[in-house]
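First the structure, in the form of structure tokens, and then the observations on it.
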Amino acid sequence: MAASLAVVLGACNSSKKSDVAESTPNPFFTEYTTPFGVPPFDKIEVAHYKPACEKGMEEHKKEIDAIVNNTEKPTFENTIAALDRAGELLNKVMYAFGGQSSVNTTDEIQALEQEFYPILSAHFDDINLNPTLFARVKAVYDQKASLNLDKEQARLLEETYKGFVRGGANLDADKQAKLRELNEKISVLELTFGQNVLKETNAFKLVVDKKEDLAGLPESVIAAAAETAAADSMEGKWVFTLHNPSVMPFLQYADNRTLREKMFKAYINRGNNNNENDNKNVVKELVAARLDKAKLLGYEDFAAFVLDENMAKNEKNVYNLLDQVWTPALKKAKEELADINAEIKKEGGNFDAEGWDWRYYTDKARQAKFNMDENEVRPYLELNNVREGAFYVANKLYGITFTEIKDIPKPDPDAFAFECKDKDGSLLGVLYMDFYTRPGKSGGAWCGSYRSQTYKDGKKVTPVVTTVFNFSKPVAGQPALLSADEAETVFHEFGHALHGLFCDVHYYGVSDVPRDFVELPSQVNEHWAFEPEVLKVYAKHYQTGEVIPQELVDKIVKSGKYGQGFATIEYLAASLLDMDYHILKEQPVNMDVEAFEADAMNKRGLISQIPPRYRTTYFSHTMTGGYTAGYYSYIWAEVLDADAFEAYKETGDIFNQEVAQKFRQYILTPGGIDEGMDMYKNFRGKEPNVEPLLKNRGLK
């Protein structure tokens, strides 16, 4: 179906005014007249969403009814393709609604989400559980061998039939009624979890009123904290928040150990403060509801239900990979802990490192070992230059170009828009880049879309892709200078954007790749970020224009693997936690979320100084539905991306055109027409192995 619950439940928003009734014509009810047909963000009001959503559902229902009541024999075109096309208006509304709520949400929007989710869940259940519709789909599916379908059509038929079965079409009436209840409950719980995390993140402020308490912090971080304070009517003070551009530099550089502890504990206890935003009971109910749904559909646990669609296929394969990396990573993390404690003693400290010491003393250990201070690098990683570096790599690999578009509606006034053209000059799509953190924006970084690529009336519809980040907005008169990790994030999300821009399929139902494949295009793109050849192109000092010195490049390369014990273990810990929740075969009586998490970590020997990258109560990747039983996907895809980049290195040219063309053809273009591993083998000629990953992370 053109509109799906996955698209609809992406989030929603507009920062425009919202009246009880529409105050201007509803822009969703006419064709967009904007450049490139992007959503008219400047004209969309909150009041427009509800009537547009209701109208979209009404039209979608009529389109489904037309398929169901068709007196002609079910065919691929009048049933499967028609179903894929259905829901155009709802799709249009929800791309805007979903994309915007995550970047500019308000209390009003969150209330609207709470109202929408149960209604939308019921709407899609009405489709998935329509027996006459399923009978038509099954009739086409049963004759698939004689239909002479092309590869893409055959895949759409397979995915459509499977989607109905996984949606409960084969259940009896009582079980279907139960499934409806569970789907509604799950959608509301996932929404509530995410809203609670955002509220918790926004609620905390560390107010510093003594300049000496800022010792160790870079001037750019101090200036940003002063601006945050001024915006909150606290001129002359400094305010630090739990948004990553604030909390992470504070933990890395602040000399004041007491304040580091306060920030660290506030960060890792989000959603676990026994207040109105507490997520412990939300998690208990959500894990139980997911398990009940899986069993209703014939699976022993929710992980089995999820993994059936992924490359990994089963939990054994997931744990085999995670365990294979865990042992060397934990060994490396313990070596890093020894370095940290040595730094503490070198300074005369009479204590062992705690979690709030790790980043701070790792930075000191890195300086001691490699004479590498990250603040030396920042002046060479000005945001616009980093962005241009990502564009440069894409141009060298694929011949594509990006040109900024000034006069176009944007998701936020601070966002940038670019027209992307292929090497033959044809339009590939529009790319938005939304860089700066703000209170109404969800944390982290991600890539989404405001329109997916497809074909309509035989003509290609180009995508509108958005990449979203949470970097500190530069203070007046200063540029945005990124850390090495933030620069890598630009390349990562841009890799996702390339996947969206290059996609070329004729049906929505074959556009998605497996969850554990989706990070391959993004993670492989990271490899170019710190290649010396690329750094010399974009890493230029923001004041002098000087290209980054080779000496500093060498330091980046040599120190790049330091700290990978910590980085790998905190990630693996979260991945294991996600899996452990979703392989439960029975819900523990009176489940204690904190105890469950502690047991999951203790039994694997996780050292106390390293919490999981995401503790349970703010683990949005898994608890809001995007990466449920799938957070392992990053390391799974890293096996692929590390091996894929070897294909370039083996030629001696990281911009080898033959390899790049194969990567575009077999990985970036076909959507989900092929199985994930088949796509990879089409590109590489073989299955990957884990050795390049271990080598890249310095674990071997």
Side-chain angles (χ1 to χ4, degrees), residues 194 196-209 213-229 231-232 234 237-273 277 279 340 353-364 374-375 378 435-446 468-475 480-489 563 566-567 570-571 573-574 609-621:
N196 285 346
V197 172
L198 183 59
K199 289 173 185 175
E200 285 279 275
T201 301
N202 286 335
F204 177 85
K205 295 174 184 174
L206 177 68
V207 181
V208 174
D209 52 15
D213 287 336
L214 302 172
L217 291 168
E219 284 302 319
S220 59
V221 175
I222 294 171
E227 280 213 347
T228 303
D232 208 10
M234 288 188 278
K237 298 183 180 182
W238 300 267
V239 171
F240 297 90
T241 72
L242 297 183
H243 293 282
N244 271 9
S246 183
V247 63
M248 292 307 166
F250 195 92
L251 293 175
Q252 184 171 349
Y253 297 116
D255 292 341
N256 189 314
R257 187 170 187 248
T258 300
L259 293 184
R260 288 204 312 272
E261 179 181 2
K262 188 174 182 179
M263 284 287 279
F264 177 82
K265 288 183 174 178
Y267 183 79
I268 68 167
N269 283 305
R270 287 174 295 159
N272 187 27
N273 292 306
N277 300 323
N279 269 331
I340 288 169
E354 298 285 356
W356 50 92
D357 298 312
W358 196 289
R359 286 178 172 83
Y360 180 77
Y361 284 103
T362 293
D363 195 59
K364 290 183 176 294
E374 193 175 84
N375 287 310
R378 280 183 182 270
F435 289 116
Y436 306 124
T437 192
R438 50 186 172 267
K441 183 190 276 190
S442 298
W446 65 92
V468 185
F469 308 85
N470 270 283
F471 302 147
S472 292
K473 191 172 182 178
V475 297
L481 303 179
L482 303 185
S483 68
D485 183 63
E486 288 171 332
E488 190 172 75
T489 299
F566 171 85
E570 68 157 5
Y571 162 76
Q609 294 86 352
I610 305 180
R613 180 176 295 174
Y614 300 104
R615 296 190 64 202
T616 300
T617 55
Y618 57 91
F619 198 170
S620 294
H621 281 78

For [Y], does its backbone N or O pair with a side-chain atom of [X] as donor and acceptor, under 3.5 Å?
X: Arg260; Y: Ala254; answer: yes
X: Asp357; Y: Glu354; answer: yes
X: Arg613; Y: Ala567; answer: yes
X: Glu486; Y: Phe471; answer: no
X: Lys265; Y: Trp356; answer: no
X: Thr617; Y: Arg270; answer: yes

Checklist entry - Taking NZ, NE, NH1 and NH2 as the nitrogens, is one of them in Glu261 or Arg257 under 4.0 Å from a carboxylate oxygen of the other? => result no

How close do [X] and [Y] get, counting heavy atoms only, and between which atoms?
X: Pro474; Y: Ala480; answer: CB-N, 3.6 Å
X: Thr489; Y: Ala445; answer: CG2-CB, 3.8 Å
X: Pro245; Y: Ser472; answer: CB-OG, 2.9 Å
X: Ser620; Y: Val197; answer: OG-CG2, 3.8 Å
X: Leu198; Y: Ser442; answer: CD1-CA, 4.3 Å
X: Ala266; Y: Leu242; answer: O-CD1, 3.7 Å

Next on the checklist: side-chain contact (heavy atoms from CB on, under 4.5 Å), that's the test. Do Leu251 and Tyr267 meet it? Break it down for me.
Outcome noted: CA-CA 10 Å; Leu251 293 175; Tyr267 183 79; 5.6 Å; no

Below 4.5 Å, heavy atoms only, C-beta onward: do [X] and [Y] meet side chain to side chain?
X: Leu206; Y: Trp238; result: no
X: Gln609; Y: Phe566; result: no
X: Pro611; Y: Trp358; result: no
X: Arg378; Y: Ser483; result: yes
X: Ile340; Y: Thr362; result: yes

Spacing of [atom1] belonging to [X] relative to [atom2] belonging to [Y], to within rounding of 0.5 Å:
X: Met263; Y: Phe204; atom1: CE; atom2: CZ; value: 6.0 Å
X: Asn279; Y: Arg615; atom1: CG; atom2: CZ; value: 12.5 Å
X: Thr201; Y: Asn277; atom1: OG1; atom2: CG; value: 10.0 Å
X: Gln252; Y: Asn375; atom1: CD; atom2: CG; value: 7.5 Å

Item to check | Derivation and outcome, side chain to side chain donor-acceptor pair (under 3.5 Å), residues Asn269 and Tyr618 | outcome: CA-CA 8 Å; Asn269 283 305; Tyr618 57 91; over 6 Å; no

Next on the checklist: I'd like to know whether Tyr253 forms a side-chain contact (heavy atoms from CB on, under 4.5 Å) with Glu374, so could you lay out the CA-CA distance, the side-chain angles of the two residues, the decisive distance to 0.1 Å, and finally the verdict.
Outcome noted: CA-CA 10 Å; Tyr253 297 116; Glu374 193 175 84; 3.2 Å; yes

Checklist entry - With respect to His243, which candidate in Thr228, Asn202, Asn470 satisfies the side-chain hydrogen bond (donor to acceptor under 3.5 Å, both in side chains) definition? => result Asn202

Checklist entry - Do other residues, nucleotides or ligands put more than 12 heavy atoms under 6.0 Å from the NZ atom of Lys237? => result no

Item to check | Stepwise side-chain contact (heavy atoms from CB on, under 4.5 Å) check, Phe240 with Leu214 | outcome: CA-CA 11 Å; Phe240 297 90; Leu214 302 172; 3.8 Å; yes

Item to check | Stepwise side-chain contact (heavy atoms from CB on, under 4.5 Å) test for Leu217 and Phe250 | outcome: CA-CA 7 Å; Leu217 291 168; Phe250 195 92; 4.0 Å; yes

Checklist entry - According to the interplanar angle, ranging from 0 to 90°, do the rings of Phe435 and Phe469 count as parallel (below 30°), tilted (30 to 60°) or perpendicular (above 60°)? => result parallel

